[in-house]
There are 2 protein chains.
Amino acid sequence: MVPLLLDLQRATHVTLHHLTTVLADLRLSPSELNALANLAVFPDGAGTVSELGAAAGVRPTTLTGIVDRLEQRDLLTREPHARDRRTVVLRLTPAGTTAATRVLDAMTSLERRALSSLPSSAAADFAVVLQALSDGAA
Amino acid sequence: MVPLLLDLQRATHVTLHHLTTVLADLRLSPSELNALANLAVFPDGAGTVSELGAAAGVRPTTLTGIVDRLEQRDLLTREPHARDRRTVVLRLTPAGTTAATRVLDAMTSLERRALSSLPSSAAADFAVVLQALSDGAA
DNA sequence: TATTGTTATACTCTATAACTATA
DNA sequence: TATAGTTATAGAGTATAACAATA
């Protein structure tokens, strides 16, 4: 019996490789794609480093380098937070929004293709199990 | 609407971090845990580099370093293949089998906990979607 | 000619611990 | 004292291209 977590890890590797191939012209690493896409689903395409870390499952120390590169390429900006000066707000630039939209489109395109032959409830059920696994590991 | 792939990536990060924490005394990286566990579910705890790469969703070039370390720590051996001398057979040692068993146990333990409040069909349905996503990305 | 696995190189990801600034 | 984020360091993961051995 193969643990689900091994299937989970394989699926993550394979789908990330697919995305970087499809979006090769963006010249973004898997983690950079992930950060852009996560930021894009935040209200106004903006959120704090902590929030992005929680969404991506990545520690702030890892995000610093990723954010550095995205900032250098003008895909996002670092802004001061209105009420807490310790906090950094990351915000997609127009160019970042354009890139992130392509990432999200590539993701949903792959998902639609994969789910096309499955019951319409599959996606929601799948998300529930993912959440349960994340919660169980917390 | 958040793409499933973002949830997938977060769940992978979070569960891998959980496993490395729970199994900290093994002193194994996430990819080493993954390789050991995948090898453990092969017949006789043995398979070729290509087979392990296919199971883990990792390229042979990446496996070389991982296998090097596991071999140095006597958790697996590299053997010649009986009929194809280009091929390398990886085989868990007794110590590797012991470690891999702990990895598999930690994985199934987390899965049971996560799935305990969900319908009994959830695990199988989940695996089907993971497979569909992997196939769709191939 | 094609395939299996390794090597070389360069870059990215990650954990840990220490640090700054702010709360 | 605690928290948000960064820096420093060292090790691990990854892609690409080139390579040796074998098929």
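Here is how names work: the chains are called A, B, and so on, in the same order as the sequence lines, proteins then strands, and each is numbered from 1.
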Can any side-chain N or O of Thr21(B) pair as donor or acceptor with the backbone N or O of His17(B) at less than 3.5 Å? yes
In whole angstroms, the gap separating P of dT4(C) from CG of Leu52(B) amounts to 14 Å
message: Just by distance, no angles: are the side chains of Gln72(A) and Asp68(A) close enough, under 3.5 Å, to form a donor-acceptor pair?
response: no
Query raised in the report: Would Leu16(A) and Asn34(A) count as a side-chain contact (heavy atoms from CB on, under 4.5 Å) if you check the C-alpha gap in whole Å, the side-chain angles of each, and the deciding distance to 0.1 Å?
Result: CA-CA 9 Å; Leu16(A) 269 177; Asn34(A) 179 289; 5.7 Å; no
Closest of dT14(C), dT14(D), dT12(C) to the His13(B) side chain is dT14(C)
Separation of dT16(D) atom P from Arg27(A) atom CZ, nearest Å, is 9 Å
Here the distance between atom P of dT14(D) and atom CD of Glu32(A), to the nearest Å, is 15 Å
By nearest-nucleotide position on DNA chain D, the 5'-leaning member of His17(A) and Asp68(A) is Asp68(A)
- [ ] Indicate, with a heavy-atom threshold strictly under 4.0 Å, whether Thr61(B) touches base, sugar-phosphate, or nothing.
- [x] base
In whole angstroms, the gap separating C1' of dT14(C) from CG of Leu19(B) amounts to 16 Å
The correct set of residues in residues 77-86 of chain B placing a heavy atom under 4.0 Å from DNA chain D is Arg83(B), Asp84(B), Arg85(B), Arg86(B)
Discussion item. Using a heavy-atom cut-off of 4.0 Å across all strands, would you classify Thr87(A) as base, sugar-phosphate, or nothing?
Written reply: sugar-phosphate
ask   = Within the structure shown, what part of the strands sits under 4.0 Å from Thr64(B) by heavy-atom distance: base, sugar-phosphate, or nothing?
value = base
- Using a cut-off of 4.0 Å on non-hydrogen atoms, how would the nucleic acid contact of Ile66(B) be classed: base, sugar-phosphate, or nothing? sugar-phosphate
Rounded to the nearest 0.5 angstrom, the CZ-CG distance for Phe126(B) and Leu130(A) is 4.5 Å
To the nearest angstrom, the CD-C1' distance between Gln72(A) and dC11(C) comes to 14 Å
Rounded to whole Å, CG of Leu28(B) lies from P of dA15(C) at a distance of 15 Å
For Leu23(B) and Arg102(B) the tightest heavy-atom approach is CD2-NH2, 3.7 Å
message = Is it the case that the side chain of Asp44(A) and the backbone of Ala46(A) share a donor-acceptor pair, with hydrogens and angles ignored and the cut-off at 3.5 Å?
response = no
With the side chain defined as heavy atoms from C-beta on, Arg59(B) is closest, among dA15(D), dG5(C), dT12(C), to dA15(D)
Exercise. Quick check: does any side chain N or O of Thr93(A) sit under 3.5 Å from a backbone N or O of Asp74(A), one acting as donor and the other as acceptor?
Worked result: yes
